[in-house]
Each structure stands twice: as C-alpha cells, then as structure tokens.
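This report concerns only the one structure given below.
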Amino acid sequence: MKILKENVIKVLKVKPHEHPEVYMLKNTLEAMQEAVGGYIDIVGLDDNVCILLNDEGKLIGLEGNRRIGSDIIVGDFFVCGSDEEGNLTSLSEEELDKYTNFFYEPQEFTKEEIEETAVIEFYTFE
C-alpha cells in the first residue's frame, strides 16, 4: 500500500523570542521556502523528526533562535515529522508536546555566539 504525501502537515513553528506554536504548513517546496524566508535545509533531530530551516540563515544575518547541541539555529524554523522515503509528515500529538516543551523558553544570543557556530568547509579536488 502506497502512503500518499500529506498536502498540509501539522508542525511546530519556532520563532526567535517567542514560544513555539502549532502551525499548518503546505507540504510544497514553495510554501516551505516562503515559511523560512529562503532556501530550505532539513536537519535530522530525532528518529523520524527533523527541523526545516533557512539554509543561508547565518550568512544573511538572521536572528538567533534556539541552541541545539553546539549549534545555534537562526530565524524561524519548523519541527516536522519525516517518513522512510524522506517525505515531511505531520508530528504526532506526543511529538508536538515533547518539542513544545523542549523549545518552550526563548533564548537570546550575541552576534559573536552565532558567528562562532557558522562554519564553511572548503574541499580541494586534486
């Protein structure tokens, strides 16, 4: 049985200086790019849970939002589910509760703290 991609997914929207909120996001590339304000990047968070964020956020100076491990996520981001095929999916009620609690308290960062987490790697081909 083929599982159809959801047209609209229930995600958690996390904005700088605000508590997270449940958000209904159209499951299209255009809607996702509009939601993060540019090119998207998807970063794994847990099993079948990921973060959708602006790929160039640090380069274009978006505001610091939340720390995850040693990294600082900038700009608006969305916590989404994902399936084995790599499609974004709605979060379950348990996941919504878990990540609402995890990201509940807004965090503040200096420009220097954010710059320290911006890494650009160069590779040479010989």
Side-chain angles (χ1 to χ4, degrees):
M1 181 170 109
K2 176 94 172 111
I3 298 173
L4 296 175
K5 185 173 97 166
E6 297 174 71
N7 292 327
V8 177
I9 54 176
K10 185 187 283 189
V11 301
L12 196 64
K13 182 177 188 175
V14 185
K15 297 176 80 167
H17 316 294
E18 295 183 20
H19 299 300
E21 61 182 354
V22 175
Y23 185 80
M24 300 305 291
L25 180 64
K26 276 187 170 175
N27 200 1
T28 66
L29 177 61
E30 295 79 15
M32 292 175 196
Q33 288 178 330
E34 185 178 325
V36 300
Y39 294 112
I40 62 169
D41 191 12
I42 298 173
V43 178
L45 189 58
D46 276 325
D47 290 343
N48 300 320
V49 177
C50 57
I51 293 177
L52 174 73
L53 55 93
N54 185 312
D55 185 47
E56 300 174 320
K58 290 180 185 171
L59 295 174
I60 61 175
L62 293 182
E63 241 181 317
N65 190 337
R66 300 295 197 282
R67 182 181 295 278
I68 299 177
S70 61
D71 198 7
I72 296 172
I73 306 296
V74 300
D76 294 355
F77 69 88
F78 299 82
V79 183
C80 313
S82 64
D83 64 19
E84 290 74 28
E85 283 86 44
N87 297 309
L88 296 183
T89 62
S90 292
L91 293 172
S92 68
E93 290 305 314
E94 294 81 20
E95 290 166 334
L96 284 168
D97 288 345
K98 175 181 177 178
Y99 294 103
T100 296
N101 290 331
F102 186 80
F103 293 116
Y104 191 72
E105 286 305 321
Q107 298 173 316
E108 300 294 325
F109 302 100
T110 66
K111 227 176 182 36
E112 291 74 26
E113 285 177 296
I114 295 167
E115 287 170 1
E116 287 171 11
T117 66
V119 176
I120 298 175
E121 295 179 4
F122 294 95
Y123 300 94
T124 59
F125 300 95
E126 294 182 36

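Counting from 1, the numbers follow the sequence of the chain as shown. Keep in mind that what you see is a predicted model, and the values were worked out from it rather than measured.
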Please report the C-alpha distance between N54 and V74 in whole Å, then the side-chain angles of each, then the deciding distance to 0.1 Å, and finally whether the side-chain contact (heavy atoms from CB on, under 4.5 Å) criterion is met.
CA-CA 8 Å; N54 185 312; V74 300; over 6 Å; no
With clusters defined by side-chain heavy atoms of hydrophobic residues (ILVMFWY) lying less than 4.5 Å apart, directly or transitively, does I51 cluster with V22?
yes
Applying salt bridge (charged side-chain N to carboxylate O under 4.0 Å, His left out) as the test, list every pair that has at least one member in residues 102-111; sequence neighbours left out.
none
Does E63 have any side chain to side chain contact (heavy atoms under 4.5 Å, CB included) partners at least two apart in sequence or in another chain, and if so, which?
P16, H17
Using the test salt bridge (charged side-chain N to carboxylate O under 4.0 Å, His left out), find all partners of D46 that sit at least two apart in sequence or belong to another chain.
K98
So, for G81 and C50, which heavy atoms are closest and what is the spacing to 0.1 Å?
O-SG, 4.2 Å
Given E84 and N48, is the side-chain contact (heavy atoms from CB on, under 4.5 Å) satisfied, shown in steps?
CA-CA 8 Å; E84 290 74 28; N48 300 320; 4.2 Å; yes
Would you please name every residue forming a ring pair (Phe, Tyr, Trp, His ring centres under 6.0 Å) with F103, sequence neighbours left out?
F77
Would you list the pairs meeting side chain to side chain donor-acceptor pair (under 3.5 Å) in which at least one residue belongs to residues 18-31, sequence neighbours left out?
none
Pairing residues for S90 by the side-chain hydrogen bond (donor to acceptor under 3.5 Å, both in side chains) criterion, not counting sequence neighbours
E6
Tell me, please, which residues at least two apart from L91 pass side chain to side chain contact (heavy atoms under 4.5 Å, CB included).
L12, V49, V79, E95, L96
Find the distance between CZ (F102) and CD1 (I68) and round it off to the nearest 0.5 Å.
6.0 Å
Transitive ILVMFWY side-chain link V36 to V43, under 4.5 Å
no
If you look only at pairs with a residue in residues 47-71, which of them pass as a ring pair (Phe, Tyr, Trp, His ring centres under 6.0 Å), with sequence neighbours excluded?
none
Partner residues of E93 under the salt bridge (charged side-chain N to carboxylate O under 4.0 Å, His left out) criterion, sequence neighbours left out
K10
Just verifying a value: how many Å separate I72 CD1 and E116 CD, rounded to the nearest 0.5 Å?
8.0 Å
What pairs of residues pass the side chain to side chain donor-acceptor pair (under 3.5 Å) test when at least one of them lies in residues 64-77, not counting sequence neighbours?
K58-D71
For the hydrophobic clusters of this structure (ILVMFWY residues joined by side-chain heavy atoms under 4.5 Å, transitively), does one cluster hold both V11 and L45?
no
Any chance you could measure T89, atom OG1, to N87, atom CG, to the nearest 0.5 Å?
8.5 Å
Just wondering, do L25 and L52 contact through their side chains at under 4.5 Å, heavy atoms?
yes
All pairs passing ring pair (Phe, Tyr, Trp, His ring centres under 6.0 Å) where residues 24-61 contributes a residue, at least two apart
none
Is any side-chain heavy atom of E56 less than 4.5 Å from a side-chain heavy atom of D41?
no
Hey, could you give me the CG/CE distance between L88 and M32, rounded to the nearest 0.5 Å?
4.5 Å
Set of side-chain hydrogen bond (donor to acceptor under 3.5 Å, both in side chains) partners for E94, sequence neighbours left out:
S92
Atom CD1 of I73 and atom CG of L53: how far apart are they, to the nearest 0.5 Å?
5.5 Å
